[in-house]
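Notes follow once the structure below has been shown.
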There are 2 protein chains.
Amino acid sequence: MSERDGRTPVMADVARLAGVSHQTVSRVLNGHPNVRTETVTRVRAAIEELGYRRNPSARALVTRRTNLLGVLTFDSTLFGPARTLAAIENAAREAGYFVSVVSLDGVTRQAVIEATARLAEQSVEGCVALAPQRAVVEALADLSGLRPLVAVEGGGGSGLPVVRVDQEGGAYAATRHLLDLGHRTVHHIAGKRDWLEGEARVEGWRRALAEAGAPVPAPAHGDWSPRSGYELGLRLAGERARGAEVTAAFVANDQMSIGVLRAFHENGIEVPGDVSVVGFDDIPETEYLTPALTTVRQDFTQLGRSAVELLLAALADGGTGDAAPARAVVPARLRVRESTAPASGAPGHW
Amino acid sequence: MSERDGRTPVMADVARLAGVSHQTVSRVLNGHPNVRTETVTRVRAAIEELGYRRNPSARALVTRRTNLLGVLTFDSTLFGPARTLAAIENAAREAGYFVSVVSLDGVTRQAVIEATARLAEQSVEGCVALAPQRAVVEALADLSGLRPLVAVEGGGGSGLPVVRVDQEGGAYAATRHLLDLGHRTVHHIAGKRDWLEGEARVEGWRRALAEAGAPVPAPAHGDWSPRSGYELGLRLAGERARGAEVTAAFVANDQMSIGVLRAFHENGIEVPGDVSVVGFDDIPETEYLTPALTTVRQDFTQLGRSAVELLLAALADGGTGDAAPARAVVPARLRVRESTAPASGAPGHW
DNA sequence: GCCTCAGATGTGAGCGCTAACAATGTTGCC
DNA sequence: GGCAACATTGTTAGCGCTCACATCTGAGGC
């Protein structure tokens with residue numbers, strides 16, 4: 001029984017080589033205090049010599065801790081989610097956790113159930129959901145398993161701890177910026193329906209208009225893609241051609257803004273000469289567009305970091321404190337570049 | 001001992017409730033053939049009633065299979081890696097595997113060692129490395145642990161199975177396209193030094209020029225960012241102003257192309273009127289730039305899928321076949337849009 | 001009727017680790 | 001010297017599961 005051929009060494013092998021018991025090896029591995037320095041050295045040497053690695057399954061079995069955090073992601077191809085995911089991985093690593101990623105196959109309840117099951121199958125200790133759609137968050141809140149769970153951009157009222165960017169504030173700042181430049185009103189090309197981020201941006205835009213007593217045009221909903229931005233930009237250009245007063249547009253993300261810019265260009269509308277445009281996200285490209293896009297920067301790194309912090313806190317809490325789900329809000333800051341200018345004929349604020 | 005209070009149920013609890021042995025429960029769970037239908041139903045019901053979930057650690061301990069695939073990623077914020085990661089997750093899921101992501105902290109050997117250790121600590125069954133830098137691939141090839149391992153864009157000669165896009169062919173096609181339009185030569189704004197993808201694109205560009213007997217200007221190396229594209233675009237514009245013949249540029253990725261476009265615009269250089277530009281990647285934005293960018297499309301989805309396929313094959317193989325590391329090459333296709341035009345005064349091919 | 005064989009189920013051992021406890025050796029203090 | 005207190009190490013018993021094997025049933029063949 002003591003022969004191990006070429007099989008991976010186990011703790012007992014290390015113990016034998018170091019001339020101690022397996023428990024002492026365990027103690028060394030776990031940094032227990034009362035082990036003689038000389039013993040530690042010997043054990044370390046044996047570990048090194050055998051190339052021993054502790055079996056995480058065996059460890060997890062007895063400690064009931066997997067050191068695994070789950071991340072539920074919807075579309076990690078978009079800029080925001082990709083950044084956030086990276087930040088989560090970093091924060092988790094620093095806290096000594098591993099990260100297992102599961103992506104959602106769609107926004108159906110069924111997809112959420114499957115993804116949740118997949119996560120549960122791995123017995124993750126906790127989970128971060130990057131699920132910005134209302135439907136997903138609701139499905140998630142219903143499912144009893146998989147706690148603790150932190151929702152990123154999850155909206156309120158779901159009873160889940162939530163980490164989010166101040167979308168509403170960012171949108172308000174963007175709209176306000178345009179109004180301050182003397183534009184009588186601001187048109188809005190919104191994000192995909194049902195996306196909480198998009199809805200919050202609509203709210204912020206609406207609030208700024210209301211505060212200024214400006215007319216509120218009906219927002220047009222895109223799907224975040226450049227293509228939809230282009231199509232809705234075309235529509236806006238058409239309205240303008242038919243005499244509507246279109247001098248400023250707040251677009252719900254940078255990718256759509258690029259489409260809008262193109263649509264305006266094709267219709268001979270100058271940005272910012274004829275129409276000012278503000279985007280959202282501050283993707284790396286915006287600064288080098290022509291014109292460089294005024295936009296709202298979201299700190300995705302902070303977002304991911306906060307999500308992990310909240311999750312770890314909930315983990316430490318041990319499931320208490322259900323009364324008041326924690327929240328964290330990351331600020332969004334306006335970045336003024338070239339795509340916004342005073343309304344023609346208007347004095348503006350400066 | 002049979003009381004379990006509020007603790008999570010285990011297989012024995014299910015067995016007791018269903019009136020069978022734990023082994024029968026195990027058989028049901030694992031879909032073994034010889035179990036009576038009626039028994040299966042009863043066990044299923046008990047599982048449902050208790051909300052039982054099999055403990056993956058216990059299972060992994062005895063089967064020696066974790067069902068975990070590791071993904072080593074460098075910068076999942078870039079478009080390509082993000083897409084590839086998503087594709088890997090999908091393919092892994094279909095094959096019944098989970099995916100654990102570890103991101104590299106830099107390109108140092110030390111970072112690779114740490115990331116590798118992190119992956120090994122989880123006893124992943126295999127690993128996909130999204131590590132396009134030469135240094136990383138070399139460090140990876142050296143480290144003995146962590147096999148099987150498939151490198152994505154890993155270059156040859158490392159002895160590792162490799163999945164990659166036909167960068168060289170894509171670059172050749174892009175350059176060829178420009179030459180075919182009558183341009184005497186094509187300037188190249190290359191990617192970051194040491195990145196294998198970038199180097200392959202340089203090769204393809206060089207081969208097309210050599211084949212056509214065209215002069216080979218020195219390539220300028222950027223870092224993939226729009227900013228670096230802008231700076232090198234400025235440089236190219238300067239050369240042109242000083243009388244150099246610059247009528248066509250092949251830029252190693254779309255993000256840099258955006259910077260180049262901006263630099264040209266600022267210098268009154270028309271695209272494609274004065275200079276034709278081709279990018280690489282086909283990010284969603286390119287189609288809506290002004291002008292829409294001619295570029296080379298990489299199929300990242302296929303790339304991720306192939307990586308998992310190769311990994312699973314190596315897993316099934318059980319470590320044999322070290323002699324000839326497997327390879328898979330995904331094609332890259334030119335997408336002609338608006339940023340390329342015949343050289344002024346040249347007849348071109350059409 | 002008895003034996004065979006396959007289908008259906010149960011039993012026991014053990015995967016590699018940690019936690020609890022037991023058993024030493026070691027020191028300090030009166 | 002003796003005894004407490006502590007440091008250091010070893011022993012034992014599982015964690016929850018699957019594997020190999022043993023057992024038991026009933027159908028079928030002669």
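Given the structure is predicted, the values throughout are model-derived calculations rather than measurements. Lettering of chains follows the sequences in order, A, B, ..., and the numbering in each one begins at 1.
For A:Arg27 and D:dG10, a side-chain-to-base donor-acceptor distance below 3.5 Å is present, hydrogens and geometry of angles not being considered.
In this structure, B:Met11 places its CE atom 15 Å from C1' of C:dT9, rounding to the nearest Å. The CD-P distance, from B:Gln122 to C:dG16, rounds to 20 Å in whole Å. Protein atom CZ of A:Arg64 is 13 Å distant from nucleotide atom C1' of D:dC17, rounded to whole Å. In this structure, B:Asp13 atom CG and D:dC15 atom C1' are separated by 14 Å, rounded to whole Å. The distance between atom CD of A:Glu38 and atom C1' of D:dT9, rounded to the nearest whole Å, is 13 Å. For A:Arg65 and C:dG16, the CZ to P distance is 23 Å, given to the nearest whole Å. B:Leu29 has its CG atom 7 Å from the P atom of D:dT18, to the nearest Å. Nucleotide C:dC17 holds its P atom 16 Å from the CG atom of A:Asn67, rounded to whole Å.
When the nucleotides C:dG10, C:dA8, D:dG16 are ranked by their closest atom to the side chain of B:Asn34, C:dA8 comes out on top. Counting only heavy atoms from C-beta on, A:Gln23 has its side chain closest to C:dA20 among C:dT11, C:dA20, C:dA8.
A:Glu48 and A:Arg44 are not joined by a salt bridge, as no carboxylate oxygen comes within less than 4.0 angstrom of a charged side-chain nitrogen. Of the charged side-chain nitrogens involved, at least one lies within less than 4.0 Å of a carboxylate oxygen, so that A:Glu125 and A:Arg65 count as a salt-bridged pair. Between B:Arg305 and B:Glu94, at least one side-chain nitrogen of the basic residue sits less than 4.0 Å from a carboxylate oxygen of the acidic one, meeting the salt-bridge criterion.
Look at B:Thr39 and you'll find a side-chain N or O under 4.0 angstrom from OP1 or OP2 of C:dT9. Remark: B:Arg36 is in phosphate contact with C:dT9, judged by side-chain N or O atoms under 4.0 Å from OP1 or OP2. The side chain of B:Ser26 places an N or O atom within less than 4.0 Å of a non-bridging phosphate oxygen (OP1 or OP2) of D:dT18.
Defined by atom type and a distance below 3.5 Å, a donor-acceptor pair is missing between the side-chain atoms of B:Arg118 and B:Ser100. A donor atom on one side chain and an acceptor atom on the other are found under 3.5 Å apart for A:Arg54 and A:Asn30.
Where A:Thr37 and A:His22 each meet DNA chain D at their nearest nucleotide, the meeting point lying more 5' is that of A:Thr37.
Checked by atom type and distance alone, the side chain of A:Ser306 pairs as donor or acceptor with a backbone atom of A:Gln302 at under 3.5 Å.
Using a 4.0 Å cutoff on non-hydrogen atoms, the parts of residues 44-63 of chain A near DNA chain D are A:Leu61, A:Val62, ordered by number.
With sequence neighbours excluded, no residue satisfies side chain to side chain donor-acceptor pair (under 3.5 Å) with B:Asn67.
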